[in-house]
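I have placed the structure first, in the form of structure tokens, so that the comments after it can refer back to it.
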Amino acid sequence: MAGVILCPHCLSRVEAGKEQCPFCDKSLRNTNPPGTLPYASLLAGRYTVGRHISTDGEGVMYAALENSGGVRVILKEYFPVTLSEGRDTAGAILPKEGKEVLFKTTRMDFADLHRSIMRITPSTGLAAVLDVVEANNTAYAVLEQVGGETLSHYLSEHPGCIPVAQARSMMQAVMEGVAALHKAGLVHRGVSPENILLTGSGAARLCGYGTLGLRTEGSELKSSLYEGYSAPEQYSAAEFEGRYTDVYGLAAVFYRLVTGQTPVSARQRLVSDSLPAARQLEPSVPGHVSAVLEHALEMEPARRIQNVPELMGSLMSERAAESLSQPRREWAVSGKSLLAGSLVVIAVLFALLLWSILGRESGQQITSISQPASSEAAEAVMVPDFTGYTYSQLQSDPQFSANYRFAIVAQEFSSDYAQGVVMDQSPEEGTTTTDEQPLIELVISKGPEKVEMPNIIGFTRESAEKELAANNIKASFFMIENNGDYASDCVVRTDVEAGTFIDVNKVTVNVYIAKERVVINPPEPTPEPEPTPEPSPAASAQPPA
């Protein structure tokens with residue numbers, strides 16, 4: 001392949017096709033499996049392909065490098081084994097005969113999915129999608145390379161139970177990330193310890209994005225499901241999947257953390273549901289947490305907790321958890337009860353019709369039938385403004401706790417509210433309600449979103465933009481004259497020093513980029529006259545008289 005690559009070992013620029021790096025002397029020979037992209041090859045003129053990582057029913061994962069900035073990334077190539085028959089000599093993917101249309105539509109699904117995720121990342125709890133490239137008759141997703149280890153590996157090294165408070169802390173960012181996916185109309189379908197990464201700083205990030213076909217058994221792709229964590233509806237291509245599918249996966253991971261045991265597989269539960277309650281396995285699990293997990297792991301999607309904010313709020317608040325049971329008991333009506341109720345309604349309507357007819361025939365005036373008045377009308381109350389309070393203040397103040405129930409449904413960054421303070425509520429202030437003890441859903445501030453300013457001096461403008469975007473930092477770029485002291489189109493300075501923590505919602509960093517070099521040749525210096533040599537002492541000495 002023509003072009004220039006980066007050596008995957010030392011990041012030096014090397015002509016593509018070399019078998020050895022001339023700078024570090026390490027091998028660039030192809031060691032990737034047959035049929036995959038060659039090691040140290042160039043993709044789309046922008047990415048150097050590294051080692052093969054893994055293969056699933058949807059495609060192939062590689063380590064890679066972004067050439068302009070030398071950034072290490074993950075490359076996922078759409079290469080479905082059930083729809084493809086290989087690769088031609090130029091590297092293009094060849095669809096199977098008769099599968100051309102299906103290959104094209106599923107390839108578009110793959111590209112659209114990752115483009116949608118790219119628009120909402122970087123985001124709390126989600127590994128970022130940096131780019132989507134179309135080449136070789138297929139599509140490639142360029143993913144952030146998140147350092148650290150998978151939650152699956154961490155749990156293998158730390159067997160046993162994790163305290164509920166620690167589990168909440170570990171899963172908070174991941175749940176917020178899944179909620180962001182749902183807000184964008186996306187469903188992950190692959191929430192499991194294998195797809196949760198724990199970074200060196202202790203933060204958790206969700207990765208493992210896949211199309212519907214990859215996460216559904218019996219689809220057109222070779223499916224990849226996670227026993228114990230995939231929801232029951234994923235084991236049939238005829239079942240509909242939605243946000244509640246991810247609720248099941250999140251609850252299953254939480255169940256594993258607090259009990260130390262992987263939940264019984266939904267495949268097995270479809271035959272015989274024998275999933276023990278979390279508290280039955282680990283008595284230290286609070287009763288309301290065990291009950292919430294039981295609701296979130298319901299086999300029937302309609303009986304399950306329906307969204308992530310409800311799951312988050314219920315795991316954090318015992319009062320919110322208590323509100324889950326009553327509505328679901330009302331929904332759990334058997335078919336016989338529905339039939340009996342319908343017959344009663346029909347009988348009443350028939351009696352009223354007959355009464356109306358008989359009343360007209362006898363000349364009687366039928367008056368309206370009024371319902372018996374209740375002994376005491378419910379008193380309407382107006383919901384007050386809870387913003388500015390902390391959750392603990394609302395729970396401890398008898399004036400509030402006796403009259404309202406509170407549930408934290410989300411936590412968001414805010415430059416206007418301190419960490420832990422209520423920044424939004426539902427119902428809104430001024431809403432009237434006749435509920436005896438209304439449920440108030442709260443959004444809690446996480447405080448300003450502060451990030452550390454990276455050192456981008458010397459970066460190209462494109463690389464600097466990507467680095468700042470990856471840190472969610474807004475920037476303005478200015479071109480400055482270049483007398484030859486700087487590399488063209490590279491960052492000369494910024495008005496915020498590297499290492500400074502800034503509020504990304506309030507601060508815009510000014511970045512100064514060097515223009516093309518303009519070197520003015522200085523005038524040649526006037527040569528100085530050569531000094532007259534002085535006579536040596538020997539030559540000037542006089543002979544003795």
Side-chain angles (χ1 to χ4, degrees), residues 33 35-37 52-62 74-85 93 95-96 99-118 120-121 126-129 132-134 136-144 150 152 174 177-178 181-182 184-197 205-250 252-253 265-267:
T36 62
L37 292 175
H52 165 268
I53 297 175
S54 63
T55 301
D56 60 23
E58 192 175 63
V60 187
M61 299 273 281
Y62 309 86
I74 300 294
L75 200 65
K76 184 168 186 181
E77 178 183 44
Y78 185 68
F79 194 172
V81 64
T82 57
L83 305 179
S84 313
E85 62 179 4
I93 304 296
K96 288 182 177 179
K99 301 287 187 180
E100 295 87 353
V101 174
L102 186 56
F103 174 85
K104 184 177 180 179
T105 55
T106 54
R107 182 188 68 196
M108 291 172 60
D109 290 342
F110 175 90
D112 289 345
L113 168 69
H114 288 90
R115 285 193 178 103
S116 297
I117 298 173
M118 184 167 64
I120 64 173
T121 57
L126 296 176
V129 176
V132 176
V133 176
E134 296 193 21
N136 296 333
N137 193 38
T138 191
Y140 298 83
V142 182
L143 311 171
E144 173 191 18
T150 64
S152 178
V174 173
V178 175
L181 288 175
H182 292 176
L186 305 173
V187 181
H188 190 280
R189 301 183 184 88
V191 179
S192 73
E194 292 183 36
N195 288 329
I196 295 175
L197 298 167
R205 308 279 284 279
L206 181 65
C207 61
Y209 309 121
T211 57
L212 172 63
L214 181 67
R215 303 296 183 210
T216 306
E217 194 167 274
S219 69
E220 69 278 357
L221 301 183
K222 182 180 178 183
S223 61
S224 177
L225 301 183
Y226 302 94
E227 296 297 316
Y229 303 98
S230 295
E233 57 268 22
Q234 295 181 258
Y235 288 89
S236 171
E239 296 291 333
F240 183 77
E241 300 172 22
R243 294 181 299 176
Y244 47 74
T245 302
D246 287 340
V247 168
Y248 188 100
L250 289 168
V253 174
S265 168
R267 189 197 306 271

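Values in this document were obtained by computation on a predicted structure and should not be read as measured data.
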**Request:** Using the side-chain contact (heavy atoms from CB on, under 4.5 Å) rule, take Lys99 and Thr82 through it: C-alpha gap first, then chi angles, then the decisive distance, then the call.
**Result:** CA-CA 9 Å; Lys99 301 287 187 180; Thr82 57; over 6 Å; no
Can you name the nearest heavy-atom pair linking [X] to [Y], along with the distance?
X	Y	value
Tyr62	Ile53	C-CD1, 3.6 Å
Val178	Leu126	N-CD2, 4.4 Å
Val132	Met118	N-SD, 4.4 Å
Ser84	Ile93	OG-CG2, 3.7 Å
Pro232	Tyr248	CD-CE1, 3.6 Å
Glu144	Ile74	O-CG1, 4.2 Å

**Asked** Could you walk me through whether Tyr209 and Lys76 pass the side-chain contact (heavy atoms from CB on, under 4.5 Å) check?
**Response** CA-CA 10 Å; Tyr209 309 121; Lys76 184 168 186 181; over 6 Å; no
Would you check if the side chain of [X] reaches a backbone N or O of [Y] as a donor-acceptor pair within less than 3.5 Å?
X	Y	value
Arg107	Asn137	yes
Ser265	Arg267	yes
His188	His182	no
Tyr226	Pro193	no
Thr245	Gly242	yes

[atom1] of [X] to [atom2] of [Y]: how many Å apart, nearest 0.5 Å?
X	Y	atom1	atom2	result
Leu181	Leu113	CG	CG	8.5 Å
Leu143	Leu75	CG	CG	8.0 Å
Ser219	Gln234	OG	CD	11.0 Å
Leu83	Thr105	CG	OG1	8.5 Å
Arg189	Leu225	CZ	CG	11.5 Å

**Request:** Could you walk me through whether Glu220 and Thr106 pass the side-chain hydrogen bond (donor to acceptor under 3.5 Å, both in side chains) test, one step at a time?
**Result:** CA-CA 9 Å; Glu220 69 278 357; Thr106 54; 5.8 Å; no
**Request:** Look at the aromatic rings of Phe110 and Tyr78 and report parallel, tilted or perpendicular, splitting at 30° and 60°.
**Result:**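 Rings of Phe110 and Tyr78: tilted, 30 to 60°.
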**Asked** Run the side-chain contact (heavy atoms from CB on, under 4.5 Å) check on Val191 and Tyr229 step by step: do they pass?
**Response** CA-CA 7 Å; Val191 179; Tyr229 303 98; over 6 Å; no
**Message:** Hydrogens and angles aside, do Glu58 and Ser224 bring a side-chain donor and acceptor to less than 3.5 Å of each other?
**Reply:**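 Absent: no donor and acceptor within the cut-off.
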**Message:** Walk me through whether Asp246 and Arg215 qualify under salt bridge (Lys or Arg N to Asp or Glu O under 4.0 Å).
**Reply:** CA-CA 12 Å; Asp246 287 340; Arg215 303 296 183 210; over 6 Å; no
**Message:** Is any side-chain heavy atom of Val142 closer than 4.5 Å to one of Val129?
**Reply:**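 Sidechains of Val142 and Val129: no contact.
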**Asked** Any side-chain heavy-atom pair from Glu77 and Leu37 closer than 4.5 angstrom?
**Response**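 A side-chain contact exists here, since the closest heavy-atom pair is under 4.5 Å.
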**Full working for side-chain contact (heavy atoms from CB on, under 4.5 Å) between Ile117 and Leu186** = CA-CA 8 Å; Ile117 298 173; Leu186 305 173; 3.8 Å; yes
